[in-house]
Novice: 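Pasting a structure here, questions to come.
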Amino acid sequence: MISYAFPAATQSNVNAQFQNWLQSDLWPEARARGISAETFNAAFRGVTPNLKLPDLVMPGQKPQTPRAQHQAEFGSPGNYFAERTVAGVTSGGRSRAGRHAQSLAAIERQYGVPPGIVLAIWGRESGFGSANIPHNAFEVLGTKAFMATRRDMFRKEVLAALEMVQRGHVSPGAMKSSWAGALGQPQFLPTSYLEHAVDADGDGRPDIWNSQVDTLASIANYLAHYGWVRGRDWGFEVKVPESVSCALEGPDRGKRISEWALLGVTRVNGRPFPDHELRAEGYLLMPAGRSGPAFIVTPNFYVLKEYNESDLYALFVGHAGDRIAYGDRGFSAGWGRVDKLYRSDIAAMQRGLEKLGYDVGGADGLPGFRTRRSIGEWQARNGRNPTCFPDAGLVRALR
């Protein structure tokens with residue numbers, strides 16, 4: 001998280017502009033949406049811009065990429081799966097699976113989402129409700145709607161937060177969020193709360209701050225809304241033979257799982273793929289290319305990415321969900337060594353690939369599946385062993 005310290009005079013000037021923006025810009029739209037003056041004034045009483053938040057743009061200035069972020073070190077995907085972190089989610093999930101067994105069974109019947117997945121998200125997002133979520137949501141959302149790089153997005157969110165208060169779902173004082181404006185135990189943005197939050201305990205309002213049952217049902221409802229396929233798994237760790245190109249990765253290069261099996265892709269535990277999965281489509285996922293675990297994932301994996309767009313986040317949730325349900329077992333394959341690189345190095349390599357006509361999904365310094373498979377295709381065309389993952393030699397060759 002990158003933040004900046006501004007001089008006191010600057011803060012005073014920004015606050016004056018912020019207060020003017022609230023009254024002359026945000027309030028007219030809020031009023032047109034049915035927000036009362038009482039609600040609006042209560043929400044922003046005493047609120048001033050929080051200039052310590054990341055990704056802010058001073059009024060009248062253009063966005064700039066901070067050098068510290070530009071030079072962030074690129075690390076192994078395996079860092080995301082530190083055993084202490086995974087074990088905390090899985091052990092916490094198992095203990096709560098018994099405690100909430102009846103509610104989780106009802107939630108699965110209604111929404112089709114297995115208990116392990118719901119519990120894994122709950123644990124990952126807020127430590128099962130134990131994480132400190134201290135910020136005034138209207139301070140965060142108001143600041144970002146006024147001066148963040150994604151002002152339009154946060155304007156929608158602050159208006160949705162006002163609607164939550166207007167409907168009586170929560171008081172302004174109880175509206176606590178993360179530094180990014182995410183709310184409560186499932187870490188929903190306000191628009192997600194309005195669309196997906198569920199009153200599962202029957203007290204008359206969806207309470208994602210204090211009600212564990214509402215939290216669990218709301219997570220499941222969110223996933224169901226985005227297309228969770230009842231009865232399908234999220235994916236399987238597999239062995240991928242050298243004869244199968246790592247450049248086949250991605251949701252747009254899917255095959256029936258029976259076809260992957262015919263190509264020699266096998267589950268690491270030696271068991272066959274379930275019969276009902278063989279007839280359905282699956283997708284190759286190799287988050288570290290040939291230097292880490294490989295998976296055949298289902299459409300449900302991409303539903304998990306609707307919660308957080310990171311491949312590693314979705315993989316963490318699926319993996320932790322399996323461990324909650326079936327017992328602790330780590331990935332069969334280890335994560336290989338990663339050369340010391342910066343995100344700027346990866347971005348330079350991506351730009352080099354783009355110049356050669358490859359679709360890398362944008363030169364952002366993050367090697368998503370389009371970058372990984374582009375690397376593999378370039379390596380194969382240039383007589384190299386396809387690894388589908390960045391290294392120092394590739395950066396030198398392509399920048």
Side-chain angles (χ1 to χ4, degrees), residues 18-19 21-50 53-57 121-122 125-126 129 131 133-200 203-211 214-227 303 305-309:
F18 176 73
Q19 299 301 330
W21 170 80
L22 283 177
Q23 296 304 319
S24 65
D25 189 341
L26 190 64
W27 163 239
E29 183 171 359
R31 181 176 54 198
R33 291 176 175 230
I35 306 301
S36 69
E38 180 183 6
T39 293
F40 190 88
N41 292 334
F44 289 105
R45 186 172 293 121
V47 170
T48 60
N50 182 347
L53 296 174
D55 305 320
L56 302 183
V57 182
I121 290 176
W122 185 24
E125 291 296 330
S126 66
I133 304 172
H135 297 286
N136 178 327
F138 286 103
E139 177 188 273
V140 172
L141 295 169
T143 300
K144 287 179 172 286
F146 176 57
M147 58 187 299
T149 53
R150 294 182 293 169
R151 287 191 297 272
D152 290 346
M153 185 200 94
F154 284 105
R155 186 182 184 93
K156 292 177 184 176
E157 297 301 338
V158 75
L159 288 165
L162 288 165
E163 187 173 342
M164 290 169 61
V165 175
Q166 185 69 35
R167 291 187 188 181
H169 293 309
V170 62
S171 69
M175 185 88 85
K176 298 298 183 183
S177 79
S178 71
W179 61 265
L183 307 170
Q185 297 187 43
Q187 286 290 273
F188 279 178
L189 286 170
T191 53
S192 292
Y193 175 93
L194 290 175
E195 192 162 3
H196 306 300
V198 173
D199 173 24
D203 70 351
R205 69 187 184 98
D207 183 0
I208 61 172
W209 290 270
N210 303 299
S211 170
D214 286 5
T215 294
L216 293 167
S218 298
I219 291 169
N221 187 39
Y222 184 103
L223 297 177
H225 173 88
Y226 281 103
V303 173
K305 287 189 65 173
E306 294 289 347
Y307 212 103
N308 181 311
E309 64 184 14

Novice: So, do Arg155 and Glu29 sit near enough that their side-chain heavy atoms are less than 4.5 Å apart?
Specialist: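 Result yes, sub-4.5 Å side-chain heavy-atom pair found.
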Novice: Got more than 12 heavy atoms from elsewhere within 6.0 Å of CD, Glu309?
Specialist: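 Open.
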Novice: Tell me if the aromatic rings of His196 and Tyr307 count as close, with their centers under 6.0 Å from one another.
Specialist: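 Not close enough - the centres of the two rings lie 6.0 Å or further apart.
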Novice: Testing Phe188, Tyr193, Trp122 one by one against Tyr222 for a ring-ring contact (aromatic ring centres under 6.0 Å, His included), which residue passes?
Specialist: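 Single ring-ring contact (aromatic ring centres under 6.0 Å, His included) partner of Tyr222 among Phe188, Tyr193, Trp122: Phe188.
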Novice: Carefully, step by step, assess Arg33 and Leu162 under the rule side chain to side chain contact (heavy atoms under 4.5 Å, CB included).
Specialist: CA-CA 10 Å; Arg33 291 176 175 230; Leu162 288 165; over 6 Å; no
Novice: With a 6.0 Å cut-off (strictly less than), is the heavy-atom count around CZ of Arg150, excluding the residue itself, greater than 12?
Specialist: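 Result for CZ/Arg150: open.
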Novice: For His225, is there any backbone N or O sitting under 3.5 Å from a side-chain donor or acceptor partner on Asn221?
Specialist: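 Not at all, since once roles are kept as given, no pair shorter than 3.5 Å links the two residues.
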Novice: Taking the six-membered ring for Trp, are Phe146 and Trp21 parallel (under 30°), tilted (30 to 60°) or perpendicular (over 60°)?
Specialist: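 Taking Trp21 first and then Phe146, their aromatic rings sit tilted (interplane angle of 30° to 60°).
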Novice: Evaluate the ring planes of Phe40 and Trp27, with Trp represented by its six-membered ring, and classify them as parallel (under 30°), tilted (30 to 60°) or perpendicular (over 60°).
Specialist: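 It falls in the tilted class, 30° to 60°.
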Novice: Answer with yes or no whether the side chains of Ser36 and Gln166 bring together a donor and an acceptor at under 3.5 Å.
Specialist: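 The answer is yes; a qualifying pair exists.
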Novice: Give a yes or no on whether a salt bridge exists between Glu157 and Lys144, defined as a side-chain N under 4.0 angstrom from a carboxylate O.
Specialist: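 Salt bridge flag = no for Lys144 with Glu157.
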Novice: Hey, does Glu125 have a side-chain heavy atom less than 4.5 Å from the side chain of Ile219?
Specialist: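 Sidechains of Glu125 and Ile219: no contact.
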Novice: Pair Glu139, Val47 - check side chain to side chain contact (heavy atoms under 4.5 Å, CB included), show working.
Specialist: CA-CA 6 Å; Glu139 177 188 273; Val47 170; 4.1 Å; yes
Novice: Under a 4.5 Å cut-off applied to non-hydrogen side-chain atoms, are Lys156 and Leu189 in contact?
Specialist: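 A side-chain contact is absent here, since even the closest heavy-atom pair is not under 4.5 Å.
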Novice: For the CZ atom of Arg45 and the CG atom of Asn41, what is their distance to the nearest 0.5 Å?
Specialist: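 Arg45 CZ to Asn41 CG: 6.5 Å, rounded to 0.5 Å.
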Novice: Would you check if Val198 and Pro206 make a side-chain contact, meaning some heavy-atom pair closer than 4.5 Å?
Specialist: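 They are not in contact (no side-chain heavy atoms under 4.5 Å apart), so the answer is no.
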Novice: Using side chain to side chain contact (heavy atoms under 4.5 Å, CB included), reason through Leu223 and Ile121 one step at a time and then give a plain yes or no.
Specialist: CA-CA 11 Å; Leu223 297 177; Ile121 290 176; 3.8 Å; yes
Novice: Can you confirm whether Leu183 sits close enough to Trp209 that some side-chain heavy atom of one is under 4.5 Å from a side-chain heavy atom of the other?
Specialist: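 In short, these two side chains touch, coming nearer than 4.5 Å.
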Novice: Taking all non-hydrogen atoms of both residues into account, name the closest pair between Ala200 and Ala217 and its distance.
Specialist: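 Minimum heavy-atom contact is CB-CB, 3.6 Å.
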